[in-house]
Amino acid sequence: MASQAVTPQSQDFSKWYNEIVYRADLADQSPVRGCLIIKPYGYELWEAIKAGLDRRFKATGHQNAYFPLFIPESFLKREAEHVEGFSPELAVVTIAGGKPLEEPLVVRPTSETIIMESFKNWIQSYRDLPLLINQWANVVRWELRTRPFLRTTEFLWQEGHTAHATYEDAERETRQMLDVYADFAINDAAIPVVQGRKSDREKFAGALHTYTIEAMMRDKKALQSGTSHNLGQNFARAFGIQFLDENNQLQYCWTTSWGVSTRMVGAVVMTHGDDKGLRLPPKLAPYQVVIVPIFKADDERPAVIAAAERLRAELSDAGIRVHSDLREGQSPGFKFNDWEMRGVPVRLEIGPKDLEKGTVALARRDQPGKEGKQFVSQAGIVEQVRRLLDEVQASLLRQATEFRDANTHDVATYDQLRQVIEAGGWARGWWAGSGDDEARVKDETGATIRCFPFDQPDGAGRCLFTGAPAQRQAIFAKAY
RNA sequence: CGGGGUGUGGCGCAGCCUGGUAGCGCGCUUGCAUGGGGUGCAAGAGGUCCCGGGUUCGAGUCCCGGCACCCCGACCA
């Protein structure tokens, strides 16, 4: 029985995470180092994330397209910072069809370069702008250290790429897409992210500046969960993307890019999971409700199963994602634990006693054991389940928000910052240091500037590191 | 790329020190009972012991070489 328990978060968070990923049936290890096999249950979770984002992209005027996996090596080299940032982690194809290639092909680590090459041809006039494209794709980055979902050699993501006539338009787009990410994270994934701007040290290779949504995991480390880059005219110049404006003047475009990856799956796991397994927000859960039928004797079976099927159909017709667990030879207790491991928000139990009384048991995943279990009438089940799903969704967000706030500390001195980081948590304080100062903090504490939050206090203060006057606060934390 | 560790049925491990023809738990199959919080009993199936070489009558075990993976750091969505 002890062997069935998962390693507690408090004992070894990293071990807990690894066990949950495999035991909740999200993924398998693959034969290739650092690559992940995403199993159906994990992929359904990703599909829900995709759907939530894609809907928002369409609503803000973007269209999906698809560009090649292979990029001519020379493309990467056209933007100096970009190639410098990515070259250490490229996978390169040098032989194909049994012969050495004239020019090696890079397996895309991101698609700015090959998409800009197309944008050059698609854009002639200010009337062609803005150009708003997104693609869902796989990318490859040969990372030294990998973790399931958080950092894998190959991963799935979406990358938005847009071109605009002015800096202001590009900046508005960059911020808009960060808002889209934050809206998705908070309202669908129940992850209370902090929006902000990256320091120059942490920005994307080739960007003017980068915005981020940062989330706090249950070990109090930060996870960069989505980024939006204002690329300025850097890529437009490198790829010659020009247009004629209203005054017949030739101008370079202003471009943006933004991405969210399968890392978001890891964010959901590490934001909400507990020692019993996953806790999925109802809006993303592959199954929002699981029905566990219970019967003692064979002669009770048909009636219980018929009732379960009637309820399943009723919930399903109402648009609720419901699964009926009819597995033979597995005890109810086993199924309860199994579905708790998989994080299903609401469990519906129905047995002989319920048939007599016209009731069912409803258990919510966000509240442990008997506390979260109640017997309710079968009549009006749809409304009751809907209400419960809403409550679980809200409760997960509330819990995560409280956790984040309880573990975010204001610091005025470097000593205080050290203490907060050492104890585990986010440290927020005034900052006017240089990139070198930032590097020293990282060196000495392991913490980096996660972002300069948009949400800033009024006024100004003194830099916690240099003591110089500072205009803005930064959040420091250890990060994945 | 530095430091540590591990390679033995699907998974987790023991066996290695002290060589003698592979074992335990979980899972899987079948049957009977059981079923409202990780069920019990019984009978089964399943293994190139990471690879190559050496020592030996005999190697999972000893020696040499290689490979892979995992964990911890530095780099990164």
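Rounded to whole Å, the separation between the C1' atoms of B:rG9 and B:rG47 comes to 5 Å. As rounded to the nearest Å, B:rU61 and B:rA43 have C1' atoms that lie 33 Å from one another. A distance of about 15 Å separates the P atoms of B:rG58 and B:rG19, rounded to the whole Å. Between B:rA22 and B:rC16, the two C1' atoms lie 13 Å apart (nearest whole Å). Look at the C1' atom in both B:rU30 and B:rU48: the space between them is 29 Å, to the nearest Å. One P atom belongs to B:rA68, the other to B:rG20, and the distance between them is 31 Å to the nearest Å. Only the P atoms considered, B:rG7 is 15 Å distant from B:rC49, to the nearest whole Å. Comparing B:rG15 with B:rC50, their P atoms are spaced 15 Å from each other, to the whole Å.
The side chain of A:Arg145 sits closest to B:rC72 out of B:rG36, B:rC72, B:rC69. Which of B:rG35, B:rA77, B:rG37 sits closest to the side chain of A:Phe155 comes down to B:rA77. In this structure, of B:rC72, B:rC69, B:rG37, it is B:rG37 that holds the atom nearest to the side chain of A:Phe336. Comparing B:rC75, B:rA77, B:rG36 against the side chain of A:Gln224 picks out B:rA77 as the nearest. Closest approach to the A:Arg141 side chain among B:rA77, B:rU39, B:rG73 is made by B:rA77 (side chain taken as heavy atoms from C-beta onward). For A:Arg23, the side-chain atoms get nearest to B:rG38 when compared with the rest of B:rG38, B:rG36, B:rC75. Checked against B:rC72, B:rA77, B:rG37, the side chain of A:Ser14 finds its nearest nucleotide in B:rC72. Nearest nucleotide to the side chain of A:Arg33, out of B:rC69, B:rA77, B:rG35: B:rC69.
Within the 4.0 angstrom heavy-atom criterion, no nucleotide atom of any strand lies near A:Gly259. Among the heavy atoms of the strands lying under 4.0 Å from A:Arg347 is at least one base atom, whether or not backbone atoms are also near. Residue-level contact check: A:Leu150 touches the bases, meaning some heavy atom is under 4.0 Å from a base atom. Contact annotation for A:Thr262: no contact, since no heavy-atom pair falls under 4.0 Å across all strands. Residue contacts for A:Thr152: at a heavy-atom cut-off of 4.0 Å it reaches a base atom on one of the strands shown. When heavy atoms are screened at a 4.0 angstrom cut-off, A:Glu143 is found touching base atoms of the nucleic acid. Residue A:Lys353 is in base contact, counting any heavy-atom pair closer than 4.0 Å across all strands shown. Across all strands, A:Pro88 comes closer than 4.0 Å to no nucleic acid atom at all (heavy-atom distances). Within the nucleic acid shown, A:Thr227 has no heavy atom closer than 4.0 Å to any nucleic acid atom.
Contact check, A:Ser331 against B:rG35: no side-chain N or O comes under 4.0 Å of OP1 or OP2. Applying the 4.0 Å criterion to OP1 and OP2 of B:rC71, one finds that A:Asn18 has a side-chain N or O inside that range.
The separation between A:Arg450 atom CZ and B:rA77 atom C1' is 11 Å, rounded to whole Å. B:rG37 atom P lies 12 Å from atom NZ of A:Lys276, rounded to whole Å. Here B:rC69 presents its P atom at 13 Å from CG of A:Leu144, a figure rounded to the nearest Å. Atom-to-atom, CG of A:Asp354 to P of B:rG36 comes out at 13 Å; the value is rounded to the nearest Å. Between the C1' atom of B:rA74 and the CH2 atom of A:Trp142 lies a distance of 20 Å, rounded to the nearest Å. As a whole-Å value, the separation of A:Gln330 CD from B:rC28 P is 6 Å. Atom CZ of A:Phe334 and atom P of B:rG27 are 8 Å apart (whole Å). A:Asp25 places its CG atom 14 Å from the C1' atom of B:rG10, with the value rounded to the nearest Å.
The aromatic ring centroids of A:Phe235 and A:Phe119 lie 6.0 Å or more from each other. A:Phe67 and A:His161 have their aromatic ring centers separated by at least 6.0 angstrom. Outside the 6.0 Å centre-distance limit, the rings of A:Phe70 and A:Phe75 are not counted as a close aromatic pair.
Contact annotation: the side chain of A:Phe57 approaches that of A:Trp136 to within less than 4.5 Å [non-hydrogen atoms, C-beta and beyond]. With contacts defined as side-chain heavy-atom distances shorter than 4.5 Å, the pair A:Leu397/A:Thr401 qualifies.
Listed by chain and residue number, nothing satisfies the salt bridge (charged side-chain N to carboxylate O under 4.0 Å, His left out) test with A:Lys220 (two or more places apart in sequence, or in another chain).
Under 3.5 Å, the side chain of A:Glu340 and the base of B:rG37 form at least one donor-acceptor pair of N or O atoms. Donor-acceptor pairing under 3.5 Å, judged by distance alone, is absent between the side chain of A:Asp338 and the base of B:rG38.
Ion pairing between A:Glu214 and A:Lys198 holds under the 4.0 Å rule for side-chain N and carboxylate O.
A cation-pi arrangement, defined by a distance under 6.0 Å to the six-membered ring centre and an angle within 45 degrees of its axis, is absent between A:Arg56 and A:Tyr181.
When the options A:Val140, A:Leu36, A:Val32 are evaluated for a side chain to side chain contact (heavy atoms under 4.5 Å, CB included) with A:Thr152, the one that passes is A:Leu36. Each of A:Phe465, A:Trp431, A:Trp426 was scored for a ring-ring contact (aromatic ring centres under 6.0 Å, His included) with A:Phe476, with one residue passing: A:Trp431.
Between A:Lys15 and A:Pro332, it is A:Pro332 whose nearest contact on RNA chain B lies nearer the 5' terminus.
Stem list for RNA chain B (at least 3 consecutive Watson-Crick or G-U pairs, distances under 3.5 Å): B:1-7 with B:67-73, B:10-13 with B:23-26, B:28-33 with B:39-44, B:50-54 with B:62-66.
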